[in-house]
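Nothing here was measured: the structure is a model prediction, and the numbers come from that model. Quick note: residue numbers are just sequence positions, from 1.
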Amino acid sequence: MAVNVQEFAQTQLSLLASELAAEIAESSALVSLHSPLALQRAGVALTNLTISAQRTGLGGKTVLELGPDPATTTSSSTSSTSSSSGGDLPEHGIRAGDIVLVAEQPAGGGVGKSRKGVGREKGGEGVKGVVTRVGRGVLGVAVEERDGSGGGGGGKEEGEGLAAVVGEKRVWIVKVADDVTFRRMNATMERLAKMEEREYSAFVRVLFGLSSPSAVAADLTRDEEVGNIEWVDPTLNDSQKDAIRFALASREIGLIHGPPGTGKTHTLIELILQLLKRNLRVLVCGPSNISVDNIVERLAPHKIPLIRLGHPARLLPSVLNHSLDVLTRTSEAGAIVKDVRAEMDAKQASIRKTRNGRERRAIYADLKDLRKEYRERERRCVSSLVAGSKVVLATLHGAGGFQLRGEQFDVVVIDEASQALEAQCWVPLLAASKAICAGDHLQLPPTIKSLNLKKKSSSKKGKDATDGEEGAVKGATLETTLFDRLLKLHGPSIKRMLTTQYRMHEKIMRFPSDELYEGKLIAANAVKARLLKDLPYEVDDTDDTTEPLIFIDTQGGDFPEKNEDDQDAGGGSKKLTKSSLYGDSKSNEMEAALVRQHVQSLVDAGVKPEDIAVVTPYNAQLAVLAPLKEAFPGIELGSVDGFQGREKEAVIVSLVRSNPDGEVGFLGEKRRLNVAMTRPKRSLTVIGDSETVKKGSKFLKDWMDFLEENADLRYPDLASLTQDA
Ligand SMILES: Nc1ncnc2c1ncn2[C@@H]1O[C@H](COP(=O)(O)OP(=O)(O)OP(=O)(O)O)[C@@H](O)[C@H]1O
C-alpha cells in the first residue's frame with residue numbers, strides 16, 4: 001500500500017487550498033455580513049479606538065497601543081483625569097496571540113449604523129497584526145512584517161498608514177483567519193512534491209510505505225541498548241517505560257498512543273531527556289502553542305539548554321525566558337541587536353512630532369534601513385542561538401520559520417499528533433531522520449472547515465457549525481491524520497499504548513476502556529475510588545457526591561430539543577446574525593434546567609463551582625447554559641471539542657438530542673463521545689434522552705445500555721423542574 005509521494009503532496013495542496021478558502025470565506029462572511037458594532041457585540045471586534053502610542057517590540061516589530069477614543073466614550077471614567085486614558089474597553093473576546101486586522105474607521109462615526117465592515121469595503125486596507133497585550137483600557141498589537149503576503153494587501157510599509165494617524169483618526173480591529181499556518185503547510189507540500197525519488201531518506205520512505213520500518217525486538221527489556229535505562233523519573237509505570245524504550249529503539253518512526261489521562265506528556269518529557277542523554281538533537285512540536293508551552297514548562301526544571309520559537313505574545317509568561325525572541329535581546333549574542341533597536345525607537349517617537357509629510361517620509365526611509373540592519377543582525381544572533389541548543393521547541397507550523405531554515409534534527413517529537421493536520425506535521429518532519437508521535441486517534445481529530453461547507457451545502461439539516469464530522473467525504477481528506485495513516489499503513493507494531501490512567505474513577509473509565517481501548521486501561525490506585533466527598537475540602541455525603549456515575553434519563557418526549565433555525569424562522573436579519581455567529585445548532589432548555597438543578601445540588605453539598613464543568617456538543621446549548629456562569633461563578637462551560645485535553649473533578653454532559661426520529665447528528669461520532677465521557681475525575685453525570693440517543697449508533701446504544709445497568713439511574717421530576725423555572 002505504498003503511497004505515491006507526489007500524488008500525496010498534490011492532493012494535500014488541493015485540499016489545503018479549499019480549506020483555506022473555507023476559512024477565509026467564513027471569516028470574511030462574518031465581517032461583511034455584520035456591522036462592526038455587531039461584531040463587537042459578538043466579541044470579535046473593537047471599534048472607536050485610537051492609536052495612543054507605538055514602539056519597537058520584540059523581534060523589531062512595531063507595536064501599536066490602542067485605546068478607546070476619549071471622544072466617544074461617554075460614561076465610565078468621566079472623572080478620570082489621569083493620562084490620555086479613554087476609559088475601559090468594552091467587553092470583548094480578543095486575546096493575546098489573536099490575529100487581527102487594524103483598519104481605519106471612516107470619518108463621521110458611521111460604524112454603529114453601517115451594516116458593512118468598513119475596512120473590507122475598501123479592499124481590505126489596514127494592517128494585520130498579533131495582539132500582544134490586553135489591558136482594561138489598552139490593547140497592544142504588533143503589526144505584521146511585510147514579507148510574505150501579510151500587511152492586508154495594502155502595499156504600504158508596515159504600520160505606515162496607521163502610524164500616520166497616531167492620536168488622530170479612529171481605527172477598529174477585527175479578528176481574522178490566521179493564514180500563516182497555511183502558507184507554511186503549502187510550502188512544505190510543495191517541497192515534498194518537487195522531491196525526486198532518489199532524494200527520499202529512509203525515513204521518508206517508511207512514512208510513505210516505500211519501505212518497512214526497521215524491526216524492533218519484541219522484548220526490549222533485554223535489549224542491549226535500551227534494556228538498562230537510567231530513568232530520570234523511576235516512578236514511571238511499566239507501559240510508559242515500555243513506550244520510551246520502544247521510542248528510543250525505533251529507527252524511523254514510533255507512535256505513542258496515550259488514552260485520556262495516561263501521562264502522555266509525562267512520558268514525552270522522560271523521552272526527551274533520554275534522547276538528550278544520548279546526545280541527540282531534538283525538535284519538539286505540537287499543533288498549538290499551549291501544547292508546546294506545556295512541554296517547555298515541564299522540561300525547564302531539568303536545566304537543559306532549550307529554545308522556544310514563536311511570537312512572544314503567544315507564549316505563556318512562564319515560558320518567555322526560553323523564547324528565542326527574548327533571548328535575542330537578553331543573551332550576550334543579543335547585545336549587537338540592541339543598539340539598532342534603540343535607534344529605531346527614537347525614530348518611531350520622532351514620527352509623532354513631525355507633521356511635515358516630506359520629513360515623515362524621510363523618517364520612514366530611515367526606519368526601513370534600520371529594520372533591514374536589525375533583521376540582519378538578528379538573523380546572525382538567532383542562528384548562533386539555535387545552533388547552540390540541543391532542544392528546540394515550536395508549534396508545527398512554527399518549525400517552518402526562517403529560524404530553522406537548513407537545520408536538521410536527529411529526532412522530531414510531535415505531541416498531540418492526532419490533533420494535527422498531516423501537512424502540518426510535515427513542516428518539522430522534513431528536518432528529521434526519525435519521528436516519535438504521541439496522540440490518541442480515538443479522540444477528536446483537528447477541526448476541518450471545508451468539510452463543514454460541503455456538509456452545509458449538501459444537507460439542509462441543521463448541524464453544529466463549528467465542529468465537523470458528519471458527511472465526511474470518503475477518500476483523501478484532511479481529516480486523515482498522520483497518526484491514522486501510519487497506523488493503517490504499518491499496523492499496530494509501530495505503536496505502544498500507555499495503559500495506566502491517572503484521572504478517572506474506575507467506574508467512569510470502564511465504558512471507554514472496554515469499548516475503545518480493548519479493555520486495557522487500568523485506573524491508578526490513587527484515582528480508582530476517588531469520590532467528590534473525598535475532595536480535599538469539606539464536602540457532604542449525598543447521593544450526588546458518593547456516586548461517580550449518574551445518568552439522568554429524560555426519555556418520554558417531555559424534554560424536546562430545539563433547532564436554532566426554528567426559533568428564527570422568518571426572522572430576517574436576526575436569523576442571519578444568529579446562524580453565522582453561533583452556528584445552526586441544537587439546544588434543549590429543559591435539559592439545561594436539569595443541569596442547573598444538578599449543579600445546585602453539588603454546590604449545596606459543598607463542591608466548589610470551579611471544580612465543576614458542564615460540557616455539551618452543541619454551541620446553542622452553551623448559549624442556553626450561559627446564565628449558569630453568573631449563578632455559579634467559577635463554573636466552566638464548554639463544548640466537547642473545546643474541552644479536549646482538559647479535566648475536572650465533576651463533569652456534567654448535556655447530550656441535548658431528543659426527537660421522535662432518533663436523529664442524533666454529530667453526536668454519533670464515537671470520538672466526540674469519548675472526549676465527553678473521559679473529562680471527569682470523580683463524577684460524571686450524563687443528561688440525555690436514552691430513547692432518542694439509542695437509535696443513533698451501536699456505540700450510543702451500548703453506552704445507554706451500559707449507563708442503564710451501571711449508573712445511578714434517575715428520572716427527572718417534571719413538576720419540581722417547572723417550579724424551579
Ligand atoms: N507514572 C506516573 N505516576 C504517577 N502519576 C503519573 C504518572 N504518569 C503520569 N502521571 C500523572 O497523570 C496526570 C496526567 O499526566 P499528563 O499531564 O502527562 O497527561 P497527558 O497524558 O498528557 O494528558 P492527556 O493525554 O489526558 O491529555 C498528571 O497529573 C501526571 O502527574
Side-chain angles (χ1 to χ4, degrees), residues 1-20 178-197 199-211 213 250 252-255 281-288 291-292 309-310 392-439 441 445-446 448 450 476-490 494:
M1 262 210 312
V3 177
N4 179 313
V5 181
Q6 260 140 32
E7 255 171 49
F8 170 86
Q10 293 299 352
T11 311
Q12 289 285 318
L13 281 168
S14 83
L15 289 170
L16 287 170
S18 38
E19 178 68 7
L20 178 60
D178 181 356
D179 60 354
V180 179
T181 321
F182 283 94
R183 294 209 298 265
R184 297 271 164 86
M185 287 191 281
N186 269 327
T188 304
M189 284 302 129
E190 273 162 12
R191 260 182 77 191
L192 207 54
K194 280 195 201 116
M195 254 193 217
E196 307 259 344
E197 180 150 1
E199 294 175 79
Y200 300 163
S201 61
F203 170 70
V204 168
R205 294 185 62 82
V206 169
L207 262 62
F208 288 109
L210 303 168
S211 352
S250 320
E252 302 90 6
I253 177 80
L255 305 184
R281 190 153 191 246
V282 188
L283 173 61
V284 183
C285 298
S288 61
S291 66
V292 180
L309 305 187
V392 176
L393 300 104
T395 54
L396 292 162
H397 66 272
F402 76 92
Q403 302 92 336
L404 293 187
R405 208 156 287 161
E407 299 282 334
Q408 279 293 317
F409 293 86
D410 298 308
V411 184
V412 167
V413 175
I414 303 181
D415 195 7
E416 296 185 2
S418 49
Q419 278 181 268
L421 298 177
E422 167 146 13
Q424 215 173 353
C425 293
W426 274 100
V427 178
L429 286 181
L430 279 183
S433 46
K434 161 173 170 172
I436 303 300
C437 300
H441 53 293
I448 314 286
S450 43
T477 90
L478 285 180
E479 241 210 349
T480 306
T481 62
L482 173 72
F483 206 92
D484 285 322
R485 194 175 65 75
L486 289 175
L487 265 181
K488 216 162 162 194
L489 190 61
H490 297 296
I494 60 161

Inset, instruction - Tell me, with the steps shown, if Leu478 and Leu16 meet side chain to side chain contact (heavy atoms under 4.5 Å, CB included). - result: CA-CA 8 Å; Leu478 285 180; Leu16 287 170; 4.1 Å; yes
Legend entry - Step-by-step salt bridge (charged side-chain N to carboxylate O under 4.0 Å, His left out) determination, Lys488 to Asp484: CA-CA 6 Å; Lys488 216 162 162 194; Asp484 285 322; over 6 Å; no
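The two residues Pro428 and Val412 come nearest to each other via the heavy atoms O-CG2, 3.8 Å. Residues Val292 and Ala394 approach most closely at CG2-O, 3.4 Å, considering heavy atoms. Contact record, Leu309 with Gly398: CD1-O, 4.3 Å, taken as the closest heavy-atom pair. Between Lys434 and Ser250, the closest heavy-atom pair is NZ-O, 2.6 Å. Looking at every heavy atom in both residues, Gln6 comes nearest to Ala193 through CG-O, 3.0 Å. The two residues Gly209 and Leu489 make their nearest non-hydrogen contact at N-CD2, 3.5 Å.
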Can I get a per-line list of side-chain donor-acceptor pairs under 3.5 Å for residues 401-410, giving both atom names and the distance, sequence neighbours left out?
| residue | atom | partner | partner atom | Å |
| --- | --- | --- | --- | --- |
| Glu407 | OE1 | Arg281 | NH1 | 2.9 |
| Glu407 | OE1 | Arg281 | NH2 | 3.0 |
| Asp410 | OD2 | Arg281 | N | 2.7 |

Cut-off 3.5 Å, no hydrogens considered: what does the side-chain donor-acceptor table look like for residues 418-427, sequence neighbours left out?
| residue | atom | partner | partner atom | Å |
| --- | --- | --- | --- | --- |
| Ser418 | OG | Asp440 | N | 2.9 |
| Ser418 | OG | Asp440 | O | 3.1 |
| Gln419 | OE1 | Gln644 | NE2 | 3.2 |
| Glu422 | OE1 | Arg485 | NE | 2.8 |
| Glu422 | OE2 | Trp426 | NE1 | 2.8 |
| Glu422 | OE2 | Arg485 | NE | 3.3 |
| Glu422 | OE2 | Arg485 | NH2 | 2.8 |
| Gln424 | OE1 | Leu421 | N | 3.3 |

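Taking 4.0 Å as the cut-off between side-chain N and carboxylate O, Arg191 and Glu199 do not count as a salt-bridged pair.
Leu429 CG to Cys437 SG: the interatomic distance, rounded to the nearest 0.5 Å, is 6.5 Å. Here Phe203 contributes atom CZ and Ile253 contributes atom CD1; the two are 5.5 Å apart, rounded to the nearest 0.5 Å. Rounding to the nearest 0.5 Å places CE of Met189 at 12.0 Å from OG of Ser14. Rounded to the nearest 0.5 Å, atoms CG (Leu486) and CG (Leu207) are 5.0 Å apart. For the atom pair His490 NE2 and Leu255 CG, the distance stands at 9.5 Å (nearest 0.5 Å). To the nearest 0.5 Å, the span separating CD on Gln12 from CE on Met185 amounts to 9.0 Å.
When side chains are defined from C-beta on, Val411 counts as touching Ile436, because their heavy atoms get closer than 4.5 Å. With a 4.5 Å cut-off on side-chain heavy atoms, Asn186 and Leu13 count as touching. Counting only heavy atoms from C-beta outward, the side chains of Cys285 and Val413 never approach each other to under 4.5 Å. Contact check for Thr395 versus Pro287: no side-chain heavy atoms found under the 4.5 Å cut-off.
Checking side-chain atoms of Asn4 against main-chain N and O of Glu7 turns up a donor-acceptor pair under 3.5 Å. The main-chain N or O of Val5 is never found under 3.5 Å from a side-chain atom of Gln10 such that the two would form a donor-acceptor pair. For the pair Thr477 (side chain) and Glu479 (backbone), a donor-acceptor distance under 3.5 Å is present.
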